[in-house]
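Worth saying up front: this structure is predicted, and the values here are computed from it rather than measured. Scope of the values below: all heavy atoms of this structure, side chains included, with no hydrogens, waters or symmetry mates.
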Number of protein chains: 2
Amino acid sequence: MNQLSTKEKIIAQSLLMFNQKGVENITTRHIAKELGISQGNLHYHYPNKNEILELLFSNMIEAFKKAESLKSRALSPENIFYSMRSNFKIMHDYRVFFQQNTVIWRRLPALKTKLQALLNQKKEEIILLVNAYKREGKFRTDISDTQIEFLADQFIFTIATWLCAKDYSLEDHSIDYYSKFLFRIWMPYLQQNEMEKWEGYLKLA
Amino acid sequence: MNQLSTKEKIIAQSLLMFNQKGVENITTRHIAKELGISQGNLHYHYPNKNEILELLFSNMIEAFKKAESLKSRALSPENIFYSMRSNFKIMHDYRVFFQQNTVIWRRLPALKTKLQALLNQKKEEIILLVNAYKREGKFRTDISDTQIEFLADQFIFTIATWLCAKDYSLEDHSIDYYSKFLFRIWMPYLQQNEMEKWEGYLKLA
DNA sequence: GTCTATACAGCGATAGAC
DNA sequence: GTCTATCGCTGTATAGAC
C-alpha cells in the first residue's frame, strides 16, 4: 500500500474503515489520522465525504463489469457457482453499500437508483439461466411456471440481502457459506439427477 | 395521540421519525421540535437517545410476546400464514431495527444479542412446523433431510432480511407481498396436493 | 414537568503558510 | 501536496428558573 498515491491511499483506507465501523461513525478526521496525514490534506484530494463514497461506489461498479459474466460460458454447476461467488466476493469487498444501504441512500439518493439498476441487470442474467435450465428440461415438470419465475426473485432477494443476514447469524459465516446457501435454494426445483449433480458439486466446492 | 403522556408521545414520535429518516439523522432536537416541546423537557424524560432506542426495542419484544404463537393452533395454511403475517406486521412497525441493524448494534451492542435470541426462538418454532409437516408426510420424499433442514434456514434468512430487501425493489412491496414471498419458498418442497392447497390459499389471501 | 440558556465536543469544510 | 489554524454548524447533555 506504500507505493500508492495519497489519493489512492485515502480511498483504500476509507473503504476499510467504512466497512468496519460504518459511514456514520467514520469522519474525514478519522481517515486522515489513520493514514498519518492531515485533515486539510485529505480535503485537498476529496472536497467532502460524499465524494469518497461516490468514487468507492463507481469502483465497485467497475469491479462488477470486469468480473466474469455467465453469458459466455457453459452452464455447468462449476461455472455457475464460480460466477456467482465472484460477485459475492466483490459485494463483500464493498459491503458497506449493502449493510448500510439505507444510510448511504439517504446521503446519496442517486446511488440507490444505480444499485437497483445493477440488481436488475443481475436479475436478467439469472432469468436467462433459469430459462436455459427450463429449455433443457432440468427443472421438475410438476412445478408451475409462476413458481419457477419466482426462483429468480428468490435469487435476487438473497443476493441483495445476504450481507445483512450475515450480521444476524451467531457463527461467522463466510462468502462460501452464502454462495452455497444461494444454490441450495434452487435444488428442490431440479429434476432428481440434476439435483444430485448439484448436491455432489456443492459438497466439494 | 393527544391523551398520551409526554413520555409516551416522545416514544411514539421517535419511532415514527427513526423509521422514516433513520436513527443517524434524527436528533433529540428534531423529536422535541416536532412535538412542540423543548429539548430540555425531552431530556427530562429520557436522559439520552440510546435510552429511547432501548425502550422502543423492549416495546417491540413485548409486542412479539403478545402476538399469536403458532404452537397452540392447528397447522392449516390459514393459521400458519396468519401467524407469520402478524410477526411481519410487528417487524414493520419497528422497521428501524431491521433496516438499520448495523447502525443500531454499533450504538447498542446488547440489542444485537437480544435480536439474535429472538430470531433463534422463531427458528425453533419453524423447525417444529417443518417437523410436523414431515411427520404428516406433506413434504416430497425425494428431497434429502439436509435439504429440508435448510428450509428453516431459508425461512429465518428471509424473515431477518425482508425489510432490507424491501428498499431495493423498484415497486413498493407490502407486508402481504413478503408474507406470500415467504411461503412461496417452501412450495417446491411440498407434495403435489399440499402444494396445490397452498397455491390456492395464497391466491386468496 | 416544562421552560430557557448554555456548556462542550465533534463534524465538515476553508484559508493561508510552506 | 501538505501542513496548521480556525470558522460555523449541529449534536448531546446539563443547570437553573418557573
*Please say which of Y82(A), F183(A), F81(A) ends up in a ring-ring contact (aromatic ring centres under 6.0 Å, His included) with Y201(A).*
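Result: among Y82(A), F183(A), F81(A), F81(A) is the only option passing the ring-ring contact (aromatic ring centres under 6.0 Å, His included) with Y201(A).
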Rounded to the nearest Å, what distance is computed from the [atom1] atom of residue [X] to the [atom2] atom of nucleotide [N]?
X      : N       : atom1 : atom2 : answer
Y46(B) : dG1(C)  : OH    : C1'   : 14 Å
K49(A) : dC9(D)  : NZ    : C1'   : 15 Å
I31(B) : dA13(D) : CD1   : C1'   : 14 Å
I26(A) : dC11(C) : CD1   : C1'   : 13 Å
K33(B) : dT4(C)  : NZ    : C1'   : 16 Å
H43(B) : dT14(D) : NE2   : C1'   : 9 Å
N41(A) : dA13(C) : CG    : P     : 16 Å
L42(A) : dC11(C) : CG    : C1'   : 13 Å

Minimum-distance nucleotide (side-chain atoms of [X] versus [options]):
X      : options                   : answer
S38(B) : dC3(C), dC11(C), dG11(D)  : dC3(C)
Q39(B) : dG12(C), dA13(D), dG11(D) : dA13(D)
Y44(A) : dG12(C), dT2(C), dT2(D)   : dT2(D)
H45(B) : dG1(C), dT2(D), dT4(C)    : dG1(C)

Do [X] and [Y] pair up side chain to side chain, a donor and an acceptor below 3.5 Å, judged on atom types alone?
X       : Y       : answer
E171(A) : Y177(A) : no
Q100(B) : Q100(A) : no
T28(B)  : Q39(B)  : yes

*On a plain distance test, is the side chain of R29(A) in donor-acceptor contact with the base of dG10(C) below 3.5 Å?*
no
_Pair K180(A) + D176(A), salt bridge at N-O below 4.0 Å_ =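 So K180(A) does not pair with D176(A) through a salt bridge.
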_dA13(C) phosphate, OP1 or OP2, under 4.0 Å from T28(A) side-chain N/O_ = no
*If you pin T6(B) and N25(A) to their nearest nucleotides in DNA chain C, which one's is more 5'?*
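In this pair, the answer is T6(B).
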